[in-house]
Amino acid sequence: MSEKLTKKSVAHNYAFLAVMLGSMILGSIVGAIFPQVKEGDEVVKAGATVLKPLGTLFINMMFCIVVPMVFSSIAGSIATMRSRRRAGKIMGTTILTFVITGAIAATIMIVLMKLIPPVLEPWSNLAEGVVDDPISIPDLIVNFFTVSDFSSLLSRSAMLPLIVFSILVGFGVNLGPGPDSPIATLLTSLAEAMMKVVQLVTYYAPIAFFGFFADLVATYGSQITADYARALAVYYPLCFVYIFTAFPLFAWFGGGKGAVGEMFRRIARPAITSLGTCSSVATIPTNMEAAEDTGISKDVSEIVLPLGATMHMDGSCFSCVLKIAFLFGVFGKPFNSIGDFILIILVAVLSSVGMSGVPGGGYIGEFIMCSVFFPDQLAVAYPIAITIGNLVDPPATMINSAGDYVVSFIVSRFVDGKDWLQKARAARNA
């Protein structure tokens with residue numbers, strides 16, 4: 001009976017994925033048939049961009065869910081832990097893994113950029129762009145951990161401060177009222193309730209994905225020219241190759257025998273959700289579901305996945321190196337110094353890990369990168385870097401977000417032992 005239910009469940013999941021993929025393809029076709037038409041900076045024909053609200057509605061609902069979900073899941077997980085040492089071990093292992101995988105991603109992209117340079121001839125007659133006033137480094141550090149008012153924690157743009165606050169609340173409940181207290185129970189119940197809300201919102205996803213991709217293709221389909229197209233032709237396949245090579249290695253290392261198959265059975269939904277929404281934060285609920293279905297401990301997934309949404313940025317490390325190599329070609333600078341390569345890896349990890357969760361840090365990663373490598377051409381380099389970032393954002397977010405789920409395998413190995421997956425399967429089949 002359980003086998004029949006399992007097959008039925010798998011068929012249902014794949015049917016839903018097929019519907020979502022179909023809606024993405026249909027949206028892309030509509031966007032190609034009805035492109036946006038512009039004369040200069042003025043839009044004369046909106047085309048399929050009128051469908052954008054269909055996707056915006058979905059992502060806004062997910063953003064509304066994310067703040068209470070992140071708070072309740074992290075705070076509740078820590079509050080109910082019997083061992084505070086375990087919470088520290090989970091967070092320490094998680095952050096170290098993020099840094100290591102980010103450095104690996106940056107190194108891979110450097111090698112690829114040496115083999116396939118994105119720009120073959122330096123550009124001439126470059127028009128200078130406008131550089132916005134960047135946030136100062138001291139303010140950036142402050143914003144990394146805190147906000148000035150409690151109400152600011154209710155915004156998705158303050159994810160890292162929210163995570164810090166959630167961790168403090170979790171430890172406060174654990175040390176004060178205790179793991180069995182009513183407030184600890186309330187936090188865990190709220191986390192479970194938010195997961196059910198996610199399931200309800202997910203039913204709307206196919207319509208949203210149709211709108212997302214119709215707008216995306218209608219807006220950007222005609223703007224990809226020679227050098228940008230060459231960069232995208234390198235970047236997009238790399239992301240999919242990374243999923244089918246690096247992710248299985250990470251999963252095998254974390255879960256041992258059977259982990260690779262388990263990972264591929266569960267990773268499609270987070271990958272497709274992130275590809276459609278272009279948001280690591282909006283993918284947290286889907287990642288939570290995948291981790292639960294895999295058998296990953298709740299305290300592991302409820303710490304790793306929210307942290308990963310703001311600190312695990314392998315795809316962004318890819319794009320950071322791509323931007324640097326692209327700009328090296330634009331300005332005719334040689335891309336062959338070992339010292340530059342080491343600095344590129346450091347900057348890629350620094351500018352990618354965590355930047356998406358820092359208030360005021362939206363494009364600060366690009367600014368840091370351009371300030372380090374192109375201080376004299378900053379006004380030109382900065383808008384070029386932002387343009388590339390926008391064009392590669394969907395697959396970069398897919399690597400970032402789907403990779404959060406894979407990292408939870410590695411953390412589980414160090415927290416729950418090498419055989420955690422086998423134990424989870426045994427418990428599931430019992």
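Just so it is clear, the model here is predicted, and its values are computed rather than measured. The analysis underlying the following values was restricted to heavy atoms, covering all of them including side chains, and did not include hydrogens, waters or symmetry mates. Positions are given from 1, in the same order as the sequence printed here.
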So which heavy atom on [X] is nearest to which on [Y], and how close?
X	Y	answer
G315	I399	N-CG2, 3.4 Å
C317	A348	SG-O, 3.7 Å
S152	V147	CB-CB, 3.7 Å
I74	P306	CD1-CB, 3.6 Å
N287	S401	ND2-O, 2.9 Å
S73	E302	O-OE1, 3.1 Å

Requested in this report: Indicate the ring-plane relationship of Y204 and F58, choosing parallel, tilted or perpendicular according to the 30° and 60° boundaries.
Outcome: tilted

Query raised in the report: F244 vs F264 aromatic rings, parallel, tilted or perpendicular, using cut-offs 30° and 60°?
Result: parallel

Report task. Verify the neighbour count for atom CD of E292: are there more than 12 heavy atoms of other residues, nucleotides or ligands below 6.0 Å? Result -> no

Could you tell me whether a side-chain N or O of [X] sits under 3.5 Å from a main-chain N or O of [Y], the two making a donor and an acceptor?
X	Y	answer
R269	A290	no
S301	K298	yes
Q422	K257	yes

Non-hydrogen side-chain atoms of [X] and [Y] separated by less than 4.5 Å:
X	Y	result
D340	K333	no
W420	V411	no
D416	K423	no
I296	Y405	yes
L153	P161	yes
F250	V407	no
I324	M113	no
I284	I65	no

Interatomic spacing from [atom1] in [X] to [atom2] in [Y] - rounded to 0.5 Å:
X	Y	atom1	atom2	value
D299	I90	CG	CD1	4.0 Å
M288	M194	CE	CE	11.0 Å
M91	I95	CE	CD1	7.5 Å
D293	E262	CG	CD	8.5 Å
L249	F253	CG	CZ	11.0 Å
M313	S319	CE	OG	10.0 Å

Requested in this report: Begin from the C-alpha positions of S316 and N400 and carry the test side chain to side chain donor-acceptor pair (under 3.5 Å) through to its verdict.
Outcome: CA-CA 7 Å; S316 299; N400 296 340; 3.1 Å; yes

Please set out all donor-acceptor pairs under 3.5 angstrom arising from side-chain atoms of residues 96-112, sequence neighbours excluded.
residue: T97; atom: OG1; partner: T93; partner atom: O; Å: 2.7
residue: T101; atom: OG1; partner: T97; partner atom: O; Å: 3.0
residue: T101; atom: OG1; partner: F98; partner atom: O; Å: 3.2
residue: T101; atom: OG1; partner: H312; partner atom: NE2; Å: 3.3
residue: T101; atom: OG1; partner: D314; partner atom: OD1; Å: 3.1
residue: T107; atom: OG1; partner: A103; partner atom: O; Å: 2.9

Query raised in the report: Passes side-chain contact (heavy atoms from CB on, under 4.5 Å), M398 versus T283? Steps please.
Result: CA-CA 9 Å; M398 179 180 68; T283 311; over 6 Å; no

Query raised in the report: Is there a side-chain contact (heavy atoms from CB on, under 4.5 Å) between F409 and T294 once you walk through the steps?
Result: CA-CA 9 Å; F409 282 56; T294 302; 3.8 Å; yes

Requested in this report: Walk me through it: do L232 and V392 pass the test side-chain contact (heavy atoms from CB on, under 4.5 Å)?
Outcome: CA-CA 7 Å; L232 298 181; V392 303; 3.5 Å; yes

Report task. Using the test side-chain contact (heavy atoms from CB on, under 4.5 Å), find all partners of L343 that sit at least two apart in sequence or belong to another chain. Result -> V347, V372, F373

Query raised in the report: Between F212, F210, F209, which is the residue that forms a side-chain contact (heavy atoms from CB on, under 4.5 Å) with L54?
Result: F210

Report task. Under the side-chain contact (heavy atoms from CB on, under 4.5 Å) rule, what do I344 and F335 come out as? Steps first, then yes or no, please. Result -> CA-CA 11 Å; I344 287 170; F335 189 73; 3.6 Å; yes

